[in-house]
Amino acid sequence: MKYISEYRTPELVEKYLHELQKTVTRPWAIMEICGGQTHSLVKNGLLNLLPKEIQMIHGPGCPVCVTPLNLIDKAVYLAEEKGVILCSFGDMIRVPGSKRSLLEAKAAGADVRILYSPLEAVKIAQQNPDREVVFFAVGFETTAPANALSVLHARRLGLKNYSILASHVLVPPAIDAVMTDDDVRIQGVLAAGHVCTIMGIDEYYELSEKHEIPIVVTGFEPADLLQGILMTVRQLEEGKANLENQYSRVVKPEGNPEARKVIEQVFEVADREWRGIGTIPNSGWEVREELAAFDANRKFSVNIAKAPECADCIAGLVLKGIKKPYECSQFGKKCTPENPLGAPMVSSEGACAAYYHFAGVEVS
Amino acid sequence: MKYISEYRTPELVEKYLHELQKTVTRPWAIMEICGGQTHSLVKNGLLNLLPKEIQMIHGPGCPVCVTPLNLIDKAVYLAEEKGVILCSFGDMIRVPGSKRSLLEAKAAGADVRILYSPLEAVKIAQQNPDREVVFFAVGFETTAPANALSVLHARRLGLKNYSILASHVLVPPAIDAVMTDDDVRIQGVLAAGHVCTIMGIDEYYELSEKHEIPIVVTGFEPADLLQGILMTVRQLEEGKANLENQYSRVVKPEGNPEARKVIEQVFEVADREWRGIGTIPNSGWEVREELAAFDANRKFSVNIAKAPECADCIAGLVLKGIKKPYECSQFGKKCTPENPLGAPMVSSEGACAAYYHFAGVEVS
Amino acid sequence: MLLNCPMPQLDFDMITLGHGSGGILTNKLLASGVFELLKNPLLDTHHDGAVFELSGRLAFSTDSYVISPIFFPGGNIGELAINGTVNDLAMCGAMPRYLSLSFIIEEGLTMTEFWEILVSIKAATQRAGVQIVTGDTKVVEKGKGDKIFINTSGVGQVHPQAQISLQHVKPGDKIILSNNIATHGVAIMSVREGLDFETDIVSDTVNLNEAVKHILDEFGAHIHLLRDPTRGGVATVLNEIARDSHLGINLWQRNIPVLDDVAGACELLGLDPLYVANEGVFIAIVAADVADDVVELLRQYSFCGRAAVVGEVVAQHPRQVVLTSSIGGKRVVNMLVGEQLPRIC
Amino acid sequence: MLLNCPMPQLDFDMITLGHGSGGILTNKLLASGVFELLKNPLLDTHHDGAVFELSGRLAFSTDSYVISPIFFPGGNIGELAINGTVNDLAMCGAMPRYLSLSFIIEEGLTMTEFWEILVSIKAATQRAGVQIVTGDTKVVEKGKGDKIFINTSGVGQVHPQAQISLQHVKPGDKIILSNNIATHGVAIMSVREGLDFETDIVSDTVNLNEAVKHILDEFGAHIHLLRDPTRGGVATVLNEIARDSHLGINLWQRNIPVLDDVAGACELLGLDPLYVANEGVFIAIVAADVADDVVELLRQYSFCGRAAVVGEVVAQHPRQVVLTSSIGGKRVVNMLVGEQLPRIC
Amino acid sequence: MCLAIPGKIQSVDYQYGGAVRMAKILFGGITKEASLDMVPHANVGDYVLVHVGVAISVVDEEEAQRTFQYLEEIGEIDELVEASQIDRQDL
Amino acid sequence: MCLAIPGKIQSVDYQYGGAVRMAKILFGGITKEASLDMVPHANVGDYVLVHVGVAISVVDEEEAQRTFQYLEEIGEIDELVEASQIDRQDL
Ligand code: SF4
Ligand code: SF4
Ligand SMILES: [Mg+2]
Ligand SMILES: [Mg+2]
Ligand SMILES: [Mg+2]
Ligand SMILES: [Mg+2]
Ligand SMILES: [Mg+2]
Ligand SMILES: [Mg+2]
Ligand SMILES: [Mg+2]
Ligand SMILES: [Mg+2]
Ligand SMILES: [Mg+2]
Ligand SMILES: [Mg+2]
């Protein structure tokens, strides 16, 4: 596949690894923000190809992992108690809520559907005029245009039975929050390429300056990641702290103005809780007041008490890169991908799952 | 079982048969009105024990058989198009409508439930407040109190989601209509014991006088039927045409006043179409105006065009005793119990089914 | 036989789609105690089938069990699935040996329910002396199944003396019913929504292979045909035999054993016991001169306590089953049409 | 093989509960052409099981098929049910002989659909050289099933040269994949509500017994293990083997055959082909020195055109499957957790 | 039509806040609930005829004997008639 | 997060009465529909990056080369830097 396979050739990877090895002189801790990057590092076995000096820290960029417990409970409540058709991306439905996951709610009889796109949910609402359809609109900036578009489509169609349960988080405030934490010892950051595709790179100049770290907007293929890491390490070795764009074939500096317009129409910035991290000011999007009819939260006046997180789970520390998953007392014991105690173990993009799957490979 | 087994002993049956044989001197055609009586005659093999001179003609007293095609179509419509929970007695659901039976509608996805009692339907309405529940209230006078009671219970419970699709027919006008037909050659009548349990026997004096035939209110067990036939034959042989009550252990001359009170509260007399026979004036009950909220016909403004009956089916002639089922061109050919063309082949109480099952037994 | 098999501690209490995906959860479900409970040296725990040595005339049978409710008075779908296939093999004159066991589970089934079913399966295999050697577990979405469906298939060795065949049925043969009829079907109906009634009637589900082996040991080729009248009841099976043998069958209502309670329930619901399903009953068509001895032998078994000769095969009225009613009347008994629906009005 | 089997004229066009009641309608359904279509001298048309002679080492396997949709690109549930059990028997090193066939039909299935499935079943049995000898048909209420579920169980004779056993797997053995992986699962996903996409990908369902017999004829005891990686995919089956043999497995991503279109679909949906279901693929673990010859032999079969050695058994990292990625990285390949859900965000 | 079966009232209880009398009724070993609304005077021990969950009549024990006595009765009547006919003929 | 895959636009059509541009997009042999609302200038033949059914960016062919050239570029840069350092040292 064009624009994929070229970035996966062993030759290119080999060259980058060689250059990296040449470049690195001492240990560096680099956080890849995005779960998609984590997934690619793991899936391609890149982690054990990297020079020993480079330690990748898996960041909080997995929407599945940071969606608050309370919102999952709300989704379960809507599906179970309100009898709605609850539509969701596949990854979300296995995440444990305080009582059960959407998958378990489904098993117990709730109408939960796995979709590829929120636009499919609008079609389902059209086809089921006598049912309420709620899309569990999780995601980062990347997913926001699609979720927003679904609301605009539903409004255009005059649908009265479509709403979204929005759980949108914004990456820059999260990076800021993570980097501000005194315990954090991250020295470089791979910014999430697809987030920047929408939002552009402007906000990252500030971050890079404020925290005095190199930030490289990076893609997802092996060569992308290696190039991003190399660009970061080069800066680190040279003592620089600039913003660079590795993923320029997709990310324009100004982002995608059309997408931002659509987001603007539907969402407004709000404080937002990140699972495992806590509330970060101005780090999320909520449905605008004037579109309240499409906001499941308001439409169903869902009011679910906050449940406590699993006491043993140190997801917050893991997501900030302060602790490694294997430092968690439950890692691989009570907490496994088939029975996750915390969100980072659920998604194949989660930091704990990444370590779980990677664990035990002997480096040849 | 008390009040059942005593009336089924071979000794008693033997005595009655002996007396009958002694009594009868020439051919007599006697109609048993009630399908329950037909069923008992067939099931117990009584038909081939009777003296050759006595010919039983199976009457129209099977509610399943006389419920108009149009009402079945309405029930199917409510189940399929209106998405109601359509509750019915078991016998009704196999009767072919003009397009399909309730059984077929159910197979195609409609929510059709088989109940023992209309009171169960009220429970279902209670348990499913967000669904409309319709009971297909077919029956003769016997069943009317139960159907009426379900409406009164539903009103008492304040249910807004319960209604009945009433198809109530009255026996005396039907006997009158049948006997008035010039082609009919019935000489004696066994009136339906359970109908009279509710309504009493007054109306039958008139009928007996008007048509100059003996009428014997008769029960359902073998000895009941034989006694009823004997009482009829004795009258016929003696040239009498009186009303007698064989079933006095259950039927009081005045009927059941409580039951009639309940019926009165819910129903009012109306003209009614009998499948295969046509419209008979004042031969049915409809839900009273003031209970329109419980009348599925009014509530859903069901308006289904009348479909033509199967052209080959001579059910009307059969139900009046003018033709025998085997005189029908389709009997046992295209029309069988598993694929009935007309209602009398569906119910095990129907005249055609009775002949179908009886056919081929060699009298030993 | 009392089995003491407490459910193991599990970290899930409900079966979900993942348990049927073939991956970790499927393995976990099976490792939860399923394999442990059913284990025997042949049980293929992770392979695609079982391998064993067997020779000679073999019988092979299959049935899927879809009963609702899955727990009913006197049993559950698990033992039914074992007994049913054991009995079908016995009806072939075979001694059942190896069974396969395949589940189709609707997601949402609780592990407690599943475990109870498994324990019944285990107990039933022990009573029948058979081994489960291969299996399968699928999970379907909520609303795409009905809690649990079970398929069992089985292989058995035909009894060396057995000459079970429709060809051997001839006029004069006697028809034996091994026990009261209609018990199972009425037990199930007593717990159906909209029809339910209170009763002590329990399903008669039981394995018949031991009794069958015994009559084959004793009467060998005099046993001409065996059939278990499950769905469709006695009426339907006898009609099939009459049709396929081109012979007539006479039935004597007076001899047909029915429990009083069952008869009462049939009256109330307007059902004919001849059409109601059985599980622990079989029909034997035997040479006339051994009929009484077969009955006597059968009556040694508690579950055949009311065995009786209920009819005979005749040359007259070929392909028809004719019943002489208790009062001496005659009627044709046809096959069941469609489902038996309660007749009410 | 082209079958010309027009559907017979029937007076019903939809299957209803009555067709599963065991009575006239059940008989009518079966007599509608089902028996005629599937007929062979052993097919037990109305008895409780089939009887046949068979001797020696036998294999016995069962599977229930619950696929949705029942008609999918490249096939339908009918042929899947035949091929699946034929293949499971083949994986035991057996030559499949006799199958049972058991339907659980949700009322409302049209006769047209049922007939199409039956014709596929017939064709599949002919291709595989097996006979259906016994069967069962149940009908469940609408909403209690999913159009049709099929169970097939099968009996086969183990190939005289076959020595298929986990015990024979040893370090150094090569792992062969018989063809492209993930094709079936992706074909199914392409028609799933909410995920559907346009593609020419069709299921790879096929009977593998002929090819298996051929390699057993040629290489006998050098074939150490056979498994078909259906549910859970290649990853899950290899994990089971690693776990149960206490050995390690190395996989070389570069050698694993995947169709381009299938790879594309996996990218789009975020799926790993190693976890996607297959139907017409098997894994053979063979002695190292015959591996290339086995591959060469397999490639003669059109459905094994991309057979390849994709890994090896090692003493290192026992119970673990380690993949060397195309770019040379290593990672552990675990069992599938739960269902494979499309990964989107 | 109108399948109705006699059963014995085992117990009575009130539903809908006392407005409705329901009974457990024994039919040869099985028990089913039925409404007593149409037979307000029926009590435990009575046999009632039940149709679709509603008792519609109390069985009259005395009248129940008539079917067994009828043949004797008509025998007697016939004798009387014959006697009277003889009488008449004699006249 | 945010799985997005490049695919080639095969055809474009309008929905919602012309208000919305949808495209069939080819991903290595399979075709899926996606909205072009966010990439109004994209046309048949262009490669777009698709995320959950919405095209969010047009892939820039020229920029796409940079990953292949980067190592050479930095080689050149390094040489330049080295050269300049040498120069500086020389100063
Ligand atoms: S291993 Fe499990 S419990 Fe521990 S931090 Fe990760 S998700 Fe939480
Ligand atoms: S045999 Fe069939 S077609 Fe003929 S009158 Fe009876 S029901 Fe009608
Ligand atoms: Mg297999
Ligand atoms: Mg069977
Ligand atoms: Mg069976
Ligand atoms: Mg299996
Ligand atoms: Mg269900
Ligand atoms: Mg059987
Ligand atoms: Mg199998
Ligand atoms: Mg299989
Ligand atoms: Mg069967
Ligand atoms: Mg369905």
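So you know, we letter chains A, B, ... as the sequences are listed, proteins then strands, and number each from 1.
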Any salt bridge (Lys or Arg N to Asp or Glu O under 4.0 Å) pairs touching residues 46-62 of chain F, not counting sequence neighbours?
A/Lys2-F/Glu61

Would you find more than 12 non-hydrogen atoms of other residues, nucleotides or ligands less than 6.0 Å from [X] atom [atom1]?
{"X": "F/Gln69", "atom1": "CD", "answer": "yes"}
{"X": "D/Glu210", "atom1": "CD", "answer": "no"}
{"X": "F/Lys8", "atom1": "NZ", "answer": "no"}
{"X": "D/Arg192", "atom1": "CZ", "answer": "yes"}

Going by residue number, which parts of residues 29-36 of chain F are within reach of chain D, meaning a heavy-atom gap below 4.5 Å?
F/Gly29, F/Ile30, F/Thr31, F/Lys32

Any pair counted as ring-ring contact (aromatic ring centres under 6.0 Å, His included), so long as it reaches residues 56-78 of chain F, sequence neighbours left out
A/Tyr7-F/Phe68

Residue, of D/Val262, D/Asp260, D/Val186, D/Asp196, that accumulates the most heavy atom pairs under 4.5 Å with chain F:
D/Asp196

Are there residues of residues 198-209 of chain D whose heavy atoms fall under 4.5 Å of chain F's heavy atoms? If so, which?
D/Glu198, D/Thr199, D/Ile201

